[in-house]
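Handing you a structure now.
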Amino acid sequence: GRRKGAEEWTKATWTIQEAQQTKVFISKEKGWQLLSTKSNWQSWPAEMLLARCTTRLIRMIFPDVAHGMRTVEELEDMS
């Protein structure tokens, strides 16, 4: 991605290996689990990787727009 007027493109990645290493709190009953074990990650891994990568890119080049807010996907992973 890049900001309007910028000449350089910024690249971001988010890999399945990161999803397999990232723990998220599922619930009081289930506790912490790997992100990659969630049903949406099992059903739609490419879409989940794209969403996480997009979030990373936004934080890298548009922090003034994001203001540190969480994305819907991140909030769902925290519930």
Side-chain angles (χ1 to χ4, degrees):
R2 67 178 175 174
R3 290 190 79 120
K4 184 177 181 179
E7 294 187 24
E8 296 289 323
W9 286 86
T10 300
K11 292 184 180 183
T13 61
W14 223 88
T15 66
I16 197 68
Q17 290 79 15
E18 289 177 278
Q20 292 169 340
Q21 295 173 348
T22 302
K23 289 186 178 182
V24 293
F25 188 75
I26 304 297
S27 67
K28 285 186 177 182
E29 296 79 29
K30 295 182 180 180
W32 291 85
Q33 293 182 355
L34 293 175
L35 183 61
S36 61
T37 63
K38 293 188 69 172
S39 63
N40 55 339
W41 280 84
Q42 295 293 311
S43 299
W44 306 99
E47 288 78 2
M48 296 296 101
L49 290 170
L50 178 61
R52 287 294 176 124
C53 187
T54 301
T55 299
R56 181 173 282 173
L57 186 62
I58 288 168
R59 290 199 177 119
M60 291 169 68
I61 60 177
F62 302 108
D64 56 318
V65 177
H67 295 289
M69 291 186 286
R70 299 285 184 187
T71 63
V72 172
E73 295 80 13
E74 290 174 311
L75 293 173
E76 287 174 352
D77 289 339
M78 292 178 180
S79 61

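Here the structure is a predicted model, which is why all the values come from computation and not from measurement.
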Notebook entry, point to check: What are the two closest heavy atoms between D64 and R3, and how far apart are they?
Noted result: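 Minimum heavy-atom contact is OD1-NH1, 2.7 Å.
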Next item on the list: Work out which heavy atom in R2 is nearest to a heavy atom in E8; give both atom names and the distance.
Entry: CB-O, 3.4 Å
Check: How far apart are the closest heavy atoms of I61 and G1, and which atoms are they?
Finding: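 Result for this residue pair: CD1-C, 3.7 Å.
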Next item on the list: Take the angle between the ring planes of W41 and W14 and call it parallel below 30°, perpendicular above 60°, tilted in between.
Entry: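 Tilted: the ring planes of W41 and W14 meet at 30° to 60°.
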Margin query: Please determine whether side chain to side chain contact (heavy atoms under 4.5 Å, CB included) holds for the pair R52 and L35, giving the CA-CA distance in whole Å, both sets of side-chain angles, and the decisive distance to 0.1 Å.
Written below: CA-CA 11 Å; R52 287 294 176 124; L35 183 61; 3.8 Å; yes
Item checked: Minimum heavy-atom distance between W32 and K23, given as atom pair plus value ->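 Looking at all heavy atoms of both residues, the closest pair is CZ3-O, 3.7 Å.
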Check: If you measure from CD on Q21 to OG on S36, what distance do you get to the nearest 0.5 Å?
Finding: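 The OG atom of S36 is 9.5 Å from CD of Q21, to the nearest 0.5 Å.
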Checklist line | Cluster link M60 to V65, ILVMFWY, side chain under 4.5 Å | finding: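 Yes.
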Check: Once you round to the nearest 0.5 Å, how far does CD1 of I16 lie from CG of L49?
Finding: 5.0 Å
Margin query: In the structure I gave you, are the side-chain heavy atoms of T37 and K30 within less than 4.5 Å of one another anywhere?
Written below: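 They are not in side-chain contact.
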Next item on the list: For residues C53 and A12, report the shortest heavy-atom separation together with the two atoms involved.
Entry: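 Looking at all heavy atoms of both residues, the shortest contact is SG-O, 3.0 Å.
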Next item on the list: Kindly indicate whether the side chain of V24, heavy atoms from C-beta on, has any atom under 4.5 Å from the side chain of K38.
Entry: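 SC-SC contact between V24 and K38 confirmed.
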Note to self: I need the E18 CD to T13 OG1 distance, nearest 0.5 Å.
What the structure shows: 6.0 Å
